[in-house]
Amino acid sequence: MTSDTDRIYAEQRNIIERFSFDERVVSVFPDMISRSVPGYGTMIEMIGVLAARYARPGTNLYDLGCSLGAATLAMAALVPHRDCQVIAIDNSEAMLKRARQLIDEAAPALPVLLQNADVRNVSLENASVAVLNFTLQFLPLQDRDALIRKIAESLGAGDILVLSEKIRYEDADEDNLQQALHHAFKRNNGYSDLEISQKRTALENVLIAETLAEHEQRLRGAGFRQVHVWFRCFNFLSLVAVR
Ligand code: GEK
């Protein structure tokens, strides 16, 4: 997926508005996310691998907060059961419009159903794989338990949720070190200190990171029997939770 270069926070701004997934973000999204999230490309590819391993024939695979459908396309390319379907949900109209074009162009082997909805309001039917790839972090803290519980209840024994998140470390020294390394990663990808700091301001109270322990506790409390970190780089990780 190619896209324009992200220069949204490149110029000094007097007022920095709350970050939102609008048309401006959509036009630079693939560039923005791959230069901001360490290992994003690897995580997308491996979501395809995980889905191919765990999808059951005749079930739905949910991509919750799908953005432009990168994880959807990875699953649709690798899941071998032709009677599975990917249901990709996002509440940004701008994202879904572009996702539709990209999915039509890719013409994946599995059917893809796009839904413009809030993940908190949808019901999940006949699911075997659910993906929250950097979406839960944007929900208010008080709404997270209910969403994870709903996902757990929709899955059968042995089915999976893939949960990727930016995380916070309990230990202040480790948190500072991991944040500094993430900052260095962004610098290395061409973002200036000004861009990094203005983006951080825009994301304040929008992206609320939790610790690994908090995620594990929520997942286990919702009924996931196994919770494993399968990818981690600095303050970003991805978990596979087995029902
Ligand atoms: C990827 N998964 O490329 N309901 C539905 N969608 C939501 C909600 C909500 N309540 N809140 C936020 N979103 C993607 C990347 S981006 C992560 C996910 C990022 C959507 C929001 O519109 C956006 O498209 C997505 O969640 C988060 O694998 O930009 O860091």
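Values below: all heavy atoms of this structure, side chains included; hydrogens, waters and symmetry mates excluded. Just so it is clear, the structure is predicted and the values come from calculations on it, not from any experiment.
- When the side chain to side chain donor-acceptor pair (under 3.5 Å) test is applied to Gln142, no partner is found at least two apart in sequence or on another chain.
- Nearest heavy atoms, Ala71 versus Asp63: CB-OD2, 3.6 Å.
- No path of Ile, Leu, Val, Met, Phe, Trp and Tyr side chains, each step under 4.5 Å between heavy atoms, connects Leu207 with Leu64, placing them in separate hydrophobic clusters.
- The number of heavy atoms from other shown groups lying within 6.0 Å of CD (Glu93) does not exceed 12.
- Side-chain atoms of Ser164 and Asn133 include a donor-acceptor pair closer than 3.5 Å.
- Without hydrogens or angle criteria, Glu165 side chain to Gln137 main chain gives a donor-acceptor distance under 3.5 Å.
- Applying the side chain to side chain contact (heavy atoms under 4.5 Å, CB included) test between Val79 and each of Pro108, Cys84, Ser128 identifies Cys84 as the sole match.
- No donor-acceptor pair under 3.5 Å is formed between the side chain of Arg82 and the backbone N or O of Ala109.
- Here the closest non-hydrogen pair linking Thr72 and Ala88 is OG1-CB, 3.4 Å.
- Side-chain atoms of His215 and Gln217 form no donor-acceptor pair, as typed in the model, at a separation below 3.5 Å.
- When all heavy atoms are compared, the tightest approach of Ile148 to Ala222 is CG2-CB, 3.7 Å.
- There is a side-chain donor-acceptor pair under 3.5 Å between Ser123 and Glu125.
- Summarising the geometry, atom CZ belonging to Arg7 is positioned 11.0 Å from atom OH belonging to Tyr191; distances are rounded to the nearest 0.5 Å.
- Closest approach of Ala76 and Leu110 over heavy atoms only: O-CG, 3.8 Å.
- The two residues Ala106 and Leu73 come nearest to each other via the heavy atoms CB-CD2, 3.8 Å.
- Val28 and Leu96 fall within the same hydrophobic cluster, where Ile, Leu, Val, Met, Phe, Trp and Tyr residues are linked whenever their side-chain heavy atoms come under 4.5 Å apart, directly or through other members.
- Here His183 pairs with Asp193 under the side chain to side chain donor-acceptor pair (under 3.5 Å) rule; sequence neighbours left out.
- Under the 4.5 Å side-chain heavy-atom criterion for Ile, Leu, Val, Met, Phe, Trp and Tyr, Val162 and Leu155 are members of distinct hydrophobic clusters.
- For Gln226, the CD atom sits in a packed shell: over 12 heavy atoms of surrounding residues, nucleotides or ligands are nearer than 6.0 Å.
- Transitive grouping of hydrophobic side chains (ILVMFWY, heavy atoms separated by less than 4.5 Å) keeps Tyr62 and Ile160 in distinct clusters.
- Within the structure, salt bridge (Lys or Arg N to Asp or Glu O under 4.0 Å) contacts touching residues 137-164 (residues at least two apart or in different chains) are Arg56-Asp159, Arg120-Asp143, Arg144-Glu210, Asp145-Arg218.
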